[in-house]
Protein chains: 2
Amino acid sequence: MSTGHRKRATIRDVALAAGVSVSTASNALNGQGRTNSETRDRVKRIAEEIGFRPNALARGLLSRRSHSIGVITNDTYGRLTLPMTAGVSEALVDHGVSVFLCATNNDPRLAQLHLEALLDKQVDGIIFTATRLDHTPHVDLSSLPMPVVYAFAEGPANSVSFVPDDSQGARLAVEHLISLGYRRILHITGPEDFVAVRRRATAYRGCLDAMGEKSEVMFGAWGEEWGHEAVHRILSRPEPQPDAIFCGSDETARGVIDALRDHGLSVPSDIAVVGFDNWHVVAAQTRPALTTIDMGLKELGRKAGLAMLDLTQGKPVEFGIKAIGCSLVIRKSCGAV
Amino acid sequence: MSTGHRKRATIRDVALAAGVSVSTASNALNGQGRTNSETRDRVKRIAEEIGFRPNALARGLLSRRSHSIGVITNDTYGRLTLPMTAGVSEALVDHGVSVFLCATNNDPRLAQLHLEALLDKQVDGIIFTATRLDHTPHVDLSSLPMPVVYAFAEGPANSVSFVPDDSQGARLAVEHLISLGYRRILHITGPEDFVAVRRRATAYRGCLDAMGEKSEVMFGAWGEEWGHEAVHRILSRPEPQPDAIFCGSDETARGVIDALRDHGLSVPSDIAVVGFDNWHVVAAQTRPALTTIDMGLKELGRKAGLAMLDLTQGKPVEFGIKAIGCSLVIRKSCGAV
DNA sequence: GTGAAAGCGCTAACAC
DNA sequence: GTGTTAGCGCTTTCAC
């Protein structure tokens, strides 16, 4: 059985077979310079026949563009990284750019190792990504010989960053509840030291303030357990109870919904619930299925990829932190028709 | 503010600064040939000082080794791919090998595009990965000019493949139940057309047959909903009821546990439950937390990475499909102390 | 021990 | 239009 480890055809083989010089072959293949259309077609046909593919290493050496970029992430689990990286990759593959994925596992040594490998490989740019917006790289990205883009992370002021618009996402959720007539809306969310948590909470308060309604935020751990605990707490205090709960994560929302059911309250007729993340495995399987906010991570990745493309091509790119709009996904837990 | 886009130091700069020729600098840096130890140290020191890093493109062009490999996956969601790729990457980063991640999204055009980009970039090898063992690549990997390794996928007989040992994993689960005294063990699992589902079911039946106990397998869709439905079905038939349920996925197990609770049965005192996957977001948050089987995906990725390393270095690698052992993770739903 | 020269595969000036 | 030449950054004979 052929292992297929035959030597690969080079442009010399093409030139030889076509009876032209290497440079003519190159010109013909790349449509550069003046080439007789007949020779050009012949060269192209022969290249196709012998399965010639240009060596990107050689090209890169000359052009100083490797057509590859690196994505550095601290996320091994993949919930945020993979959709985002898929978006990046999708934006770039049509331009022949491939993506090195480097998971640092929050280990500075690993981060440094990966970074050095990327630099050696002459990547055209680096995208830094993290599990939380206020996470900082374990390596110095401030003076690299190539552009750096931050995705789901906030870089320094003179950099290009893309983050989900947490404020707008929270507003989307709360305004949805308000439009359905809910007024006593509670916010159960994650730990206050997450910047995203604070932004969502602030936006939530803003909406209720504008309506002249009271607001209340309960900070806690991420996860379902906190949802249970929070519900127990509020149900054991005097009336009036909230008529809707906006949760800072789908996991918390799931905990909230389960706890409400345990207490004999039904969602959404007794209390409506909206989550945040649209993490399918959670949101689609709560009972009832969860109305939630989608951060559009893939699109965020696509935007980051396109910005990187522009940067590598020397096109002007607006600096600063760009907030990407979230969208509302309506399921049964609130507002389904 | 410096953008840092200064021209990078080449080996010529090092040679110039050290007052030696380029070839001597090269020898010194790589410890090749005969070099005066004093010159060698000087060259190395100067290289360090001016921040010289060898250009991997130039090196690769010469050595025909790019020190990069490609991972092709159809998984955009990331549950399986990312831990595995992290394992691959972890095994390789210390050897200076970086990993291109290519998500095909099950689109043949995209798969072809990615494959061509990888070939052009002279990757030293390709690892193919999928969301299910019996998924086939959308591109022809049979006669590539570099080695191919299959991870969580079964390649042709003359290839190197790593898969979880589904049979052993299932046995682990069932034997755990048996050792705890359970005898009427039911298996609620996924769709029968998955090879992994069939293997787990066969191993399950084998264990019960060996004990002289009856076995029963219920195939269905993956997901929690199927868990609910299956429980409703069994509880509405005549006695005797199972005393334990082995589920083919954590999601199904979660559905089963929730449904049992709805019916006033408690886990594990009335019925014990074991899952499969150890998908943290599911397994850790069921009530009670789920005893389940871990497929060791990261380790599987590491093994695949190491095999790839050997292949690229021309070392002998055993062909065929290697099954990687699963492990039992004990939580509250069965067997916790 | 060290350096000059050749060449990996490709592209871009510049003659012809 | 086409071919010759030079060179991207590096490693590797092979003289000296």
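Naming convention: chains lettered A, B, ... in sequence-line order (proteins, then strands); numbering from 1 in each chain.
Residues A/Gln122 and A/Met146 form no side-chain contact, since every pair of their non-hydrogen atoms from C-beta on lies 4.5 Å or further apart. Here the side chains of B/His135 and B/Phe128 are in contact, with some heavy-atom distance below 4.5 Å. The closest side-chain heavy-atom distance from B/Phe100 to B/Val71 is not below 4.5 Å. In this structure, the side chains of A/Asp120 and B/Asn55 stay at 4.5 Å or more apart for every pair of heavy atoms.
Nucleotide D/dC8 holds its P atom 11 Å from the CG atom of B/Asp13, rounded to whole Å. For the pair B/His67 NE2 and D/dC10 C1', the interatomic distance rounds to 13 Å; values are reported in whole Å.
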Please tabulate, for the side chains in residues 88-95 of chain B, all donor-acceptor contacts under 3.5 angstrom to protein atoms that are two or more places apart in sequence or on a different chain.
residue	atom	partner	partner atom	Å
B/Ser89	OG	A/His114	NE2	3.2
B/Glu90	OE2	B/Lys298	NZ	3.4
B/Asp94	OD1	A/Arg109	NH1	3.3

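Remark: A/Asn36, A/Thr39 in residues 36-51 of chain A come within less than 4.0 Å of DNA chain D through at least one heavy atom.
First and last contacts of DNA chain C with chain B, using any nucleotide atom under 4.0 Å from a protein heavy atom and ordered 5' to 3', fall at C/dG1 to C/dG9.
Residues A/Leu61 and B/Leu57 share a closest heavy-atom pair of N-CD2, 3.9 Å.
Of the charged side-chain nitrogens involved, none lies within less than 4.0 Å of a carboxylate oxygen, so that B/Glu48 and B/Arg45 do not count as a salt-bridged pair.
When each of B/Gly19 and B/Ala58 is assigned the nucleotide of DNA chain C with its nearest heavy atom, B/Gly19 is the one assigned upstream, toward the 5' end.
Note on the helix from C/dG1-D/dC16 to C/dC16-D/dG1: angle between the axes of the first and last five pairs equals 50°, rounded to 10 degrees.
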Item to complete: Would you give a per-nucleotide map of nucleotides 11-16 of chain D, 5' to 3', where B means the base has a protein non-hydrogen atom under 4.0 Å away, S means only the sugar-phosphate does, and - means neither?
Response: BB--B-

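Within the structure, the salt bridge (charged side-chain N to carboxylate O under 4.0 Å, His left out) test picks out no pair touching residues 12-32 of chain B (sequence neighbours left out).
For D/dG9, the OP1/OP2 oxygens have a side-chain nitrogen or oxygen of A/Arg64 closer than 4.0 Å.
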